Participant: 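Take a look at the following structure, please.
Quick note: residue numbers are just sequence positions, from 1. Note that the coordinates shown come from a computational prediction; the quantities given were computed from them, not determined experimentally.
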Amino acid sequence: MNTKKITTLILLLYSLFSLLNAQTYQEYNPNSERFRIIALEMAKIRLEYSEQQWRNARELFEQNLISQNDFHQYELQYKSDRLNFDMYMLSVIFDNPYINIVQADKIRDINGEVFVELIIKNTSGGNYGLEESLMEDIAGTNLSITGMYNLYISIKDMNRTIISQPYEYHITRLNFEEEYSIRFRLLKDVESAIVSTNYGDRVAEKQIYFTRRQDRSLITVIPDIYAQEIETGQMATFRLSMEYFGDIRQSFTAEMEGLPEIFTWDVFSTQSNVTMSRLVFSPAETRQNYGLRIRVPERVGNNVEFDVPIEFNMLLKNAQNEVAGIAELQIVPTGRVSMRLIVNNLYWKGNDTQEIVFSQIRLENEGMRPITNVSAEIFLPANWEYEITPQRIEILNPGERIPIEIKIKMPSNVLPGIYQLRYRMIGNSVNRNLQTSEIEFRAEVVKKTNVLVILFSVVLSLAVIVGAIVFIIKISKN
């Protein structure tokens, strides 16, 4: 008997013995294994054993030493163990799919738009310390264990509202240990946010704080209001929120571009109200609040027109005189509008039958614009009546004074005492409502005394006095 026949006989006997003692392996159950890496090693041992059996059976089948049905049983066992091993491998790797946020940089461009550059990495299964041989085992199949598919990324605020554009970023595939860069535009400027990742049926959310990155140092200036209407002689105040994008400590100076020279201005700290000559920023203090005060003179001259907007820019320049920040602002100077009441007498005294009259009153337009539709408002006790002359002033020109007279009639049953009467004037100028300061009058009311009663009282008093004197004289004689 030659060597080849002996080898074939041994394989035949071994295969028949294995077939008679074939084991039925437990099917994959992801919830039945506590230590999945150990189960994966066991699945690998079973796969190696069944693969060797399948190869031996294939050699015997080619020599017509076993039936096709027997060979199919070996092949079926091998494929089953192959699939079981693949599923255990996937279970180990993707038991806890994990997206690592490598970097999140907040960037603001020169147009003021805010962006976030996000770098993520697929680190799923990395904490198991799998051997490269196990990774190679499954890499030869049609199953891919190195990629995550249909991954959705978004940025949310603390209220779980998406604030990124695009709202969701779709990644078709992210390989194992692969980094991926995404650029979002923030619809809402925030310092920190929630990065939400959706993979399959798993949603993971991480709150992160953005780091700032910029190719050159820039300052974003955001005013609370962009335009103001200011009367001559008054002061406009803009509150400025500034955010610094730079990696070194720097100081900046403020300049005005397009603001008339007759307007004076200064930048001040909103905390201490101290005027600032230079603004200092550093990476540790990226956000600061300042204020800009602009004073409009009483007389603006011929170079500045009333009610015409003046657009100007506040520039922040670095030590190299380069513009690092800009705020576009606007003011509208208007002529001062004001009227006042001039009153010489605020007190009246009389009886309840007299009419209260206040005539020493003047209404003056002390502003620079005409005032129209001027009328009076007077506040009196109940049932008191009044008459004002004139009742309405159609137009009150600048510098003009008009006399005002107020007549007040009291009810017949008024009680004696001191009454307070309040009075003011209201009008309009360029769609603005104006009013004077409120004037308070005092009226003292006394009861009128009957003359006959007074005469009777005097006569009666004299009679009593005379009678007393006569009585005293008679007693003296006696």
Participant: Counting neighbours of CD on Glu261 that are heavy atoms of other residues, nucleotides or ligands and sit closer than 6.0 Å, is the number greater than 12?
Facilitator: no
Participant: Quick one: pull up CZ in Phe281 and CZ in Phe252 and give me the separation to the nearest 0.5 Å.
Facilitator: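 Output value for this atom pair is 7.0 Å.
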Participant: Could you check whether any side-chain N or O of Ser429 sits under 3.5 Å from a backbone N or O of Ile371, counting only pairs where one atom can act as donor and the other as acceptor?
Facilitator: no
Participant: How long is the span from the OG atom in Ser154 to the CD atom in Glu168, to the nearest 0.5 Å?
Facilitator: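 Answer rounded to 0.5 Å: 5.0 Å.
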Participant: Check whether any side-chain heavy atom of Val267 sits under 4.5 Å from a side-chain heavy atom of Phe238, and report yes or no.
Facilitator: no
Participant: For Lys121, is there an ion pair with Glu178 - N to carboxylate O distance below 4.0 angstrom?
Facilitator: no
Participant: With side-chain contact (heavy atoms from CB on, under 4.5 Å) as the test, would you mind laying out the steps for Gln330 and Ile310 before giving the verdict?
Facilitator: CA-CA 6 Å; Gln330 182 187 101; Ile310 299 176; 6.0 Å; no
Participant: State whether the number of non-hydrogen atoms from other residues, nucleotides or ligands found under 6.0 Å of Arg442 atom CZ is greater than 12.
Facilitator: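 For Arg442, atom CZ is not crowded (no more than 12 foreign heavy atoms under 6.0 Å).
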Participant: Please determine whether a side-chain nitrogen of the Lys or Arg among Glu440 and Arg422 lies less than 4.0 Å from a carboxylate oxygen of the Asp or Glu.
Facilitator: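 Between Arg422 and Glu440 there is no salt bridge, as every charged N stays at least 4.0 Å from the carboxylate O atoms.
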Participant: Might you confirm whether atom CD of Glu328 has over 12 heavy atoms from other residues, nucleotides or ligands at distances under 6.0 Å?
Facilitator: no
Participant: Measure from NZ or CZ of Arg183 to the centre of the six-membered ring of Phe115 and say whether it is under 6.0 Å with the direction within 45° of the ring axis.
Facilitator: yes
Participant: For Asn373 and Asn428, indicate whether the former's side chain and the latter's backbone hold a donor-acceptor pair under 3.5 Å.
Facilitator: no
Participant: Apply side chain to side chain donor-acceptor pair (under 3.5 Å) to residues Thr334 and Glu229 and explain how you reach the verdict.
Facilitator: CA-CA 7 Å; Thr334 63; Glu229 184 177 290; 4.5 Å; no
Participant: Do the non-hydrogen side-chain atoms of Ile406 and Ile378 ever get within less than 4.5 Å of each other?
Facilitator: yes
Participant: Give the table of side-chain donor-acceptor pairs shorter than 3.5 Å for residues 379-405, with sequence neighbours excluded, one pair per line with atom names and distance.
Facilitator:
from: Glu400; atom 1: OE1; to: Asn397; atom 2: N; distance (Å): 3.0

Participant: Would you say Ile155 and Val116 make side-chain contact, with heavy atoms under 4.5 Å?
Facilitator: yes
Participant: Say whether Thr353 and Asn351, considering side chains only, have a donor N or O and an acceptor N or O under 3.5 Å apart.
Facilitator: yes
Participant: I want to check something: taking the side chain as every heavy atom from C-beta on, are Gln207 and Val195 in contact at a cut-off of under 4.5 Å?
Facilitator: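 Sidechains of Val195 and Gln207: no contact.
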Participant: Is the closest basic N to carboxylate O distance between Glu117 and Lys106 below 4.0 Å?
Facilitator: no
Participant: Any non-hydrogen side-chain atom of Met235 less than 4.5 Å from a side-chain atom of Ile230?
Facilitator: no
Participant: Can you sort out the partners of Phe358 under ring-ring contact (aromatic ring centres under 6.0 Å, His included), two or more places apart, ordered by chain and number?
Facilitator: Phe441
Participant: Do Leu329 and Ile294 come close enough that some side-chain heavy atom pair is under 4.5 Å?
Facilitator: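 No, their side chains stay 4.5 Å or more apart.
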Participant: I'd like to know if the side chain of Asn175 pairs up with that of Arg173 as donor and acceptor (distance under 3.5 Å, no hydrogens or angles considered).
Facilitator: yes
Participant: Any salt bridge between Lys317 and Glu322, counting N to O under 4.0 Å?
Facilitator: no
Participant: Mind checking the OG1-CE spacing from Thr161 to Met158? Nearest 0.5 Å is all I need.
Facilitator: 10.5 Å
Participant: Which heavy atom in Pro370 sits nearest to a heavy atom in Asn365, and how many Å separate them?
Facilitator: CA-ND2, 4.0 Å
Participant: What do you reckon, is NZ of Lys206 surrounded by more than 12 foreign heavy atoms closer than 6.0 Å?
Facilitator: yes
Participant: Given side chain to side chain donor-acceptor pair (under 3.5 Å), test Tyr244 with Gln288 step by step and report yes or no.
Facilitator: CA-CA 8 Å; Tyr244 174 62; Gln288 297 189 36; over 6 Å; no
Participant: Report yes if some heavy atom in the side chain of Met256 is under 4.5 Å from a heavy atom in the side chain of Met314; otherwise report no.
Facilitator: yes
Participant: Rounded to the nearest 0.5 Å, how far apart are CG of Leu341 and CD1 of Ile361?
Facilitator: 7.0 Å
Participant: Tell me yes or no: between the side chains of Asp266 and Thr275, is some donor less than 3.5 Å from an acceptor?
Facilitator: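 Yes, side-chain donor-acceptor contact under 3.5 Å.
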Participant: Is any NZ, NE, NH1 or NH2 atom of the basic residue among Asp189 and Arg287 found under 4.0 Å from an Asp or Glu carboxylate oxygen of the other?
Facilitator: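 Here Asp189 pairs with Arg287 in a salt bridge, since their nearest N and O are under 4.0 Å apart.
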Participant: Closer than 4.0 angstrom, basic N to acidic O: yes or no for Arg46 and Asp81?
Facilitator: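 No, Arg46 and Asp81 are not salt-bridged.
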Participant: Side chains of Leu118 and Gln103: closer than 4.5 Å at any heavy-atom pair?
Facilitator: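 The answer is no, as the side chains (C-beta and beyond) never meet within the 4.5 Å cut-off.
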Participant: Please say whether the positively charged group of Arg295, taken as NZ for Lys or CZ for Arg, lies over the ring of Phe263, i.e. under 6.0 angstrom from the six-membered ring centre and within 45 degrees of the axis.
Facilitator: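 No, a cation-pi geometry is absent between Arg295 and Phe263.
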Participant: Any salt bridge between Glu364 and Arg340, counting N to O under 4.0 Å?
Facilitator: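 Yes, charged N to carboxylate O under 4.0 Å.
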Participant: Kindly give the heavy-atom pair with the smallest separation between Ala443 and Leu421, and that separation in Å.
Facilitator: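 Heavy-atom minimum between the residues: CB-CD1, 4.2 Å.
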Participant: Could you verify whether a donor N or O on one side chain and an acceptor N or O on the other, from Thr436 and Arg424, lie under 3.5 Å apart?
Facilitator: no
Participant: Applying side-chain contact (heavy atoms from CB on, under 4.5 Å), run through Tyr180 and Ile153 and close with a yes or a no.
Facilitator: CA-CA 11 Å; Tyr180 197 95; Ile153 310 292; over 6 Å; no
Participant: Between CD of Glu51 and CZ of Phe85, what distance do you get to the nearest 0.5 Å?
Facilitator: 11.0 Å
Participant: Say you draw a straight line from CG of Leu151 to CD1 of Ile120; how long is it, rounded to the nearest 0.5 Å?
Facilitator: 5.0 Å
